Every structure is written in structure tokens, then in C-alpha cells.
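Lettering follows sequence order; numbering is per chain, from 1. Every value quoted in this text rests on a predicted model; they were computed, and no experiment measured them.
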There are 4 protein chains.
Amino acid sequence: MRHKDEAKQDAIIRATVKLVNEIGFVSSSVSKIAREANVSPATLYIYYENKEDLLVSTYIDIKRRMSEAALEGFDDGLPIRDIIKRLWFNLFRFIADNPGDFQYTEQFGNSPYSSLVDQSEVEKHFAPLVEIARRGIERKIIKDVPLEFLQIFIFYPIFVLANPRLCAGFEGDEQSVETAFDMAWDAIKL
Amino acid sequence: MRHKDEAKQDAIIRATVKLVNEIGFVSSSVSKIAREANVSPATLYIYYENKEDLLVSTYIDIKRRMSEAALEGFDDGLPIRDIIKRLWFNLFRFIADNPGDFQYTEQFGNSPYSSLVDQSEVEKHFAPLVEIARRGIERKIIKDVPLEFLQIFIFYPIFVLANPRLCAGFEGDEQSVETAFDMAWDAIKL
Amino acid sequence: MRHKDEAKQDAIIRATVKLVNEIGFVSSSVSKIAREANVSPATLYIYYENKEDLLVSTYIDIKRRMSEAALEGFDDGLPIRDIIKRLWFNLFRFIADNPGDFQYTEQFGNSPYSSLVDQSEVEKHFAPLVEIARRGIERKIIKDVPLEFLQIFIFYPIFVLANPRLCAGFEGDEQSVETAFDMAWDAIKL
Amino acid sequence: MRHKDEAKQDAIIRATVKLVNEIGFVSSSVSKIAREANVSPATLYIYYENKEDLLVSTYIDIKRRMSEAALEGFDDGLPIRDIIKRLWFNLFRFIADNPGDFQYTEQFGNSPYSSLVDQSEVEKHFAPLVEIARRGIERKIIKDVPLEFLQIFIFYPIFVLANPRLCAGFEGDEQSVETAFDMAWDAIKL
DNA sequence: GATGAATGAGTGTTCATTCAT
DNA sequence: CATGAATGAACACTCATTCAT
């Protein structure tokens, strides 16, 4: 028997991300993805149960890599501001280095498939940060507001800035990222 | 396009918004929208060039009403912080009163149709605010950062908070909105 | 607007019966039926909800016409043997005149769609006969056995004889039909 | 074809019969049969030329065992009625003991594959019975009608009665089988 | 202006079969 | 001998759009 061709699976994932970025989630049909990956539509069903499985798996995989990158060098001992700043820059770096992957997650989040993913499962990777936020509130460094509010002012500005659809002009240079971080920090700091 | 039967056109728009909210952008086919509006699919093509035209027009229409609501009671003479705070609360009121309309714009923004809209056309309604921002920077009340940065910390937090998909728990009570505004203001103020 | 083309609906039904007879139920796909009827596959869905609806409707229609034919000239006042004999000949005449229709019902009965039809709904047309059977038993003309047994020896021989797949050689001439009826009557008479 | 691993071939046949009974002829795909038999789809093509060959072979195999069972204890010396009655009860016993095998033949008989089987090949097992029929006619015990007519009134009632789709209520108890046989005998006896 | 009928092109998915190991 | 990977062709069905009235 033949053995599963990992190059083929990779090609499918790459084709998926590429197509979703180019023509959007809705138009990215199974047959188009298959053609892009130089594979028969039927082959795709060897590697994934169905379209949903393909899209969700790809999403979860990217999110995992993204959170790993975000938490890289996480050091509990540093001052809270430094921890968050590190996260902020890590995320920017990841998005700058993998714009396609990032854009895929953005598109996925607004697709009907989004509701199939247990969001808490994805967010659990950020558990250490939740701990940090709590500590910051306790020590009166961070405003005593619901966690969602903190998330909104820390994470979403990053995503908006990095999303070329929403911020076409933004280049992501070191200086601008620093500026944006200062604003975010001002929003949440006490 | 202007046509005789405005009631019919209204029915089509209402049906579009309703369906998109109920079953999503992807599943909202022309014939379903027509059925919901008690109209023939062919009739729809009398009022709109094609599906794209229908969806885009509906989007622009909502955005127009939204910016009108946001700028209601705009008073150039007030302190900058008060102007922005008024805007902030106006937006919340509109979203709370027209959740379907708001959700439509969110869905639209992430659909492939989004790129067909000249975003500057939509944003021109906020021209007075741009003026205010510029004045705030000049008077050293607001940080001297690109306009996009200010927008990100003022507008996006509102949209995120109001989007039930992103912030399921948020109720939009007066107190929470005030808290969120304080954070936003801290982000942009000098 | 165009009005529904009855010729088109007829063409679809005829194509369905023809194809099922020629290539069987399984191979009779929607697109093949559409092609045979000189119609787009999509058109078929204007006249029928789905494939199941098409096949079941066609079946029920044929069964209705068949039972009408079978009961033609039904006269409660005649001797029981004459009533049944008349039915027997009526059925043969219908099958001989509409071999395709008959074969369709045979194929349908063994298709997976068969279970979707409420069989009692189809058999209710034969209610008068059930009454006759009951009377025959009462008057000690017919054997006192379950109704199914009577049905088996009256109806099924007809279907088998008329089915070219099962009885290729049988021509259905008057004399043979008479002979077969005599056997059936001997089976059920007391 | 004869091959080394007869256990494997047996597993394939059993899986075929089981699946056809559970999910029907149409849904019984090669890969599902292979999975049920714990075998690769490719393996199946070592034992059988193609799907058709598999299904037809399985059918012929069952028919062979069925006719063997039917003719068990066949004794040329007995009275004709007793010979046929014995056959009648033998068949019922086989069907009651092997409902899956019987149902498979019923399904097969109405599938498009049915036409691929030389029916005379299957019926040759019943050659002794044909001889008996001929003798019965000669001795004026049985009606002088075409052989098919006799077959119809002897065999088909059995199949109908035993087919749960056609006779859901029938239990196959000794008494009922006896009753049915009496009817059949009345039909063919002079 | 308004309509329901009509359609070719597309959807996600499964199929019987063959390939390479 | 035996396998799982691989596939083109087909499946039932829906789509945005146009046609004829």
C-alpha cells in the first residue's frame, strides 16, 4: 500500500489558507481548494472528514501556533507591563511573519463555521494572561474592570492594526507598534 | 435608482437585514430574500442591479443612518472629551435600538462584498470628528498619533462590546458603557 | 410571467417511468431524468420538491389510475366470483395496456423509497374488495383465512404473470388469463 | 475463483449479506462491505472481479443452498402432494432459519444486477420438481397448465408470505403454513 | 412594473475502481 | 496476498440570474 503523503496534506492546508485569503471563505469551495492543491476533491476526504473538518482543523492549528508565539518568552517574574508588552510584540511579529495565517483566522471568526469551535478551548492557551490580569488588578496596577474589557483594549487593537482590510496603510514598524502599545496600556492601567 | 413603489423597496431591505441576521450572509440567497419580502426574485432585479448591489446598498444605507445617529446633537463648542463621549453613547443607543441593523454591518464587513465599498465614502460622514481629533492633537489634549490609531481605540471597542458573538455577556447598561468610555479616553488622551 | 408548462411536467413523468423501466431505479438519477425530459435538472425542482417527491408522486399517481381501472364496472350485486373475475381481467387489461406504468410500480415497491409511502393509503382504494371478501367468507363461498392470504392468491399471481422479468414468455392472451384466474379461484374458494 | 484464505472470502460474503439487509442494496458500497469484512477494498478485488461479480456470486451461492434445503428428503416414491408439501415446508424452514439470506435474494431479484443472472441456471436445481409436475399432469392429479403457472402458485406465495416487507404480520407458525399450502394445492390440483 | 418559470454552473460528497508498496 | 491512498465521474441539490408574459 501507499503511505499517506504528508506533502499532500500540507498542500491542502496551504491551498485552503491561500484561497480563503484570496477569494474569501464563501467562495472557497472544496473543488477549488482541491484544484489549488493539485489533488482530486475525493482525496481531500481521505485527510478530512468533510469541509467543516478541514476548515476547523486548519483554524485550530493556526490558533495554536499563534498562541504559542504570543506566549513565547513568557516570564511570570517580570513586571506586568513588560509581560503584556512582550505579548503585544510577539503577536505583532507572528502576524507580520504569517499574514495569511492571521487573515485566515479573521475570516474564520466571521464565517458560519466559527460557531462550531469551542472558543474557550482556544482561549485556554491564554490562561496565564488571565492570571496576570487578576494580579494586576489586585496590586492596583490595572483597572478593576471585567476581563473582557481588558481583552478588548489589549487584543483587538492588535488585530485591527494588523488586518490589512481594516488598516491598509499600517506597516507594523517598531515605532508604530510601540505607540499603539502605549495607548493600550493607558487604557487599562490604573 | 428610484422607483414607484417605495413600500416594496423597503420590504426588500427589511427582508435582507432580517434574513442575514437569522441565517447568515452565506445562506441568504436572492430567492429567500424575495420570498421573505413577498416579492418575486425577478422584481428584486428591478430595484437592484444584482445581489451585490442589494447587499452593498443595504450596507451603505445602514451606515448612513448609523453615522447620523452617532453625530446627533454634535456641538462643536463643547469640550473635546464631551463631544467624543456623546458620540460614544449615541452609538451605543443606536446599536441597542437597532441590533439587527448593526449585526448586518458586522456580517457585511467580513463578507467578500465588503471590499466593494469605498470605505472612505462611508467614513466621510465622520469628517467633523476628524476635525475634532485634529484640534485635540493641536491643543495637546489628545495624543499626537495617526488618525487610525484614534479610531481604533474609540470605535472598535464599541463594536466589539456590542457584538454578541464577540461579547456574549455584555448587557450595555449605562455604567458599563461609562467604564468602557473611560478606558477609551485614557487610551487617546495625552 | 410564464405559466407552468404542463407538457413539461408530463415530459418529466414520462421520462421518469421510461428511465426506471430501462435502467432501473438506482441508476435513474435526477440529471438523467432531466436530460431524457429535455429539461434542466433545476427545472425538475420547480415541479417536485426533491427526487423522493418525484418518484413517490409518480408511484401514487400510477397506483391511483391502476386501482381505478381495476374497479371499473364494479357491481356489488354480482356473484362474488364474477366480481373478482372482473377485477382480475381489469387488472390484466391495465397492465397489458400500460406495461411501463406497471413495471414502474414493481420497481418502486422494491426501492428504498417504497417505505415512504403509507401503504394503507394506497390500499384503501381496494376497500370495496375487502368487503366482498368478508361477505364471501360469511356466506361460506370463500375460505375463512386471513385477508392477506386471499390477497396473495388473487393479486400476486397477476403481478408475477404480468411482470416480464418474472414471466418473460407470458403473452396475456384471453385464454391464459382465464386459466390463471381459475387457479386463483380454486385457491380461495371453499 | 479459488484462493488461499477462505475465511476471508467467507467474511466478505457474510458482510455483503449483512449490509444489504441492514442498509439495502443501493447503499451497500464496496468500501462499506470491505470495512464490515475487516478487509481493504482492494482485497475484495482479489476475490471478485468487480462489485457485480461479488453480488451475483453471493446470490447464486444462497440460491444453491436454498434449493438444496428445499429438496432435502426428496423422495420420488411419495405421493405428489406429499412431495410438494415437503418442499413447501422445507422452504419455510430455510427462510425462517436464514432470514438474512432470504432477504438478500429478494433484494437482489429486484436490483438491476438481477438481469445478469441466467435464471435457468438457478432453476435447474428444481429439475426434479419439474419432473414431478409433469408426472402429476400425466396422472391427472395436477391441472394441465404451463409450468410457470404451477410455479407461481407454489413458490411465490411462499416468498410473499415470508417477506416481511410484503407480509409484516405473518409469523410463520406451523398452522398458517399448513393453511397456505392447502390454498396453493387447491390452486394446482385437478 | 411585476411575475413565476426556467436554467447552466456550481455546491459538498460518495462511488467503484486502480495504483504503488 | 494484501493494503490504504488516490481518483474522475457521478450524485442530489441550490444558486444568481434571465426569459416570456
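- Taking five base pairs at each end of the helix from E:dA2-F:dT21 to E:dT21-F:dA2, the local helix axes there meet at an angle of 20°, rounded to 10°.
- The nearest whole Å value for the distance from the CG atom in C:Leu44 to the C1' atom in E:dT7 is 12 Å.
- Regarding contacts with the backbone of E:dC15, a side-chain N or O of D:Lys32 is found under 4.0 angstrom from either OP1 or OP2.
- Under the 4.5 Å side-chain criterion, counting only non-hydrogen atoms from C-beta, D:Phe108 is not in contact with D:Thr58.
- Ring planes of A:Phe25 and A:Tyr104: tilted class, angle from 30 to 60°.
- Protein atom CG of B:Asn50 is 9 Å distant from nucleotide atom C1' of F:dA16, rounded to whole Å.
- In this structure, CD of C:Glu49 is placed 16 Å from P of F:dA12, rounded to the nearest angstrom.
- Rounded to whole Å, the distance from CD on A:Glu6 to C1' on F:dA5 is 14 Å.
- Going from atom CD1 of A:Ile23 over to atom C1' of E:dT11 covers 13 Å, rounded to whole Å.
- The environment of NZ in A:Lys51 is crowded: more than 12 heavy-atom neighbours from other residues, nucleotides or ligands sit within 6.0 Å.
- Atom CD1 in D:Ile33 sits about 8 Å away from atom P in E:dA16, given to the nearest Å.
- Phosphate proximity of E:dG1 to B:Lys8: absent, as no side-chain N or O sits under 4.0 Å from OP1 or OP2.
- Atom CD1 of A:Ile46 and atom P of F:dA5 are 7 Å apart (whole Å).
- The phosphate of E:dT11 (OP1 or OP2) has a side-chain N or O of A:Ser29 nearer than 4.0 angstrom.
- Put simply, OH on C:Tyr47 is 7 Å from C1' on E:dA5, counting in whole angstrom units.
- Of the side-chain N and O atoms in D:Thr43, one or more sit less than 4.0 angstrom from OP1 or OP2 of F:dT3.
- Distances shown here put every side-chain N or O of C:Ser31 at or beyond 4.0 Å from the OP1 or OP2 atom of F:dA10.
- Under 4.0 angstrom from either OP1 or OP2 of F:dC11 there lies no side-chain N or O belonging to C:Lys51.
- Looking at heavy-atom distances under 4.0 Å, C:Val30 makes contact with sugar-phosphate atoms alone, never a base.
- Scanning both residues, B:Ile12 and B:Ile33, for their nearest heavy atoms gives O-CG2, 4.2 Å.
- Side-chain contact, B:Gln107 with B:Tyr113: no donor N or O sits under 3.5 Å from an acceptor N or O.
- Of the two residues near DNA chain F, D:Pro41 and C:Ser27, the one whose nearest nucleotide lies more 5' is D:Pro41.
- Comparing C:Ser40 and D:Glu52 along DNA chain E, the residue whose closest nucleotide (by nearest heavy atom) sits nearer the 5' end is C:Ser40.
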Step by step, would you call D:Asn98 with D:Phe102 a side-chain contact (heavy atoms from CB on, under 4.5 Å)? CA-CA 6 Å; D:Asn98 310 278; D:Phe102 169 70; 6.0 Å; no
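- Taking a cutoff of 4.0 Å between a charged side-chain nitrogen and a carboxylate oxygen, B:Glu36 and B:Lys32 do not qualify as a salt bridge.
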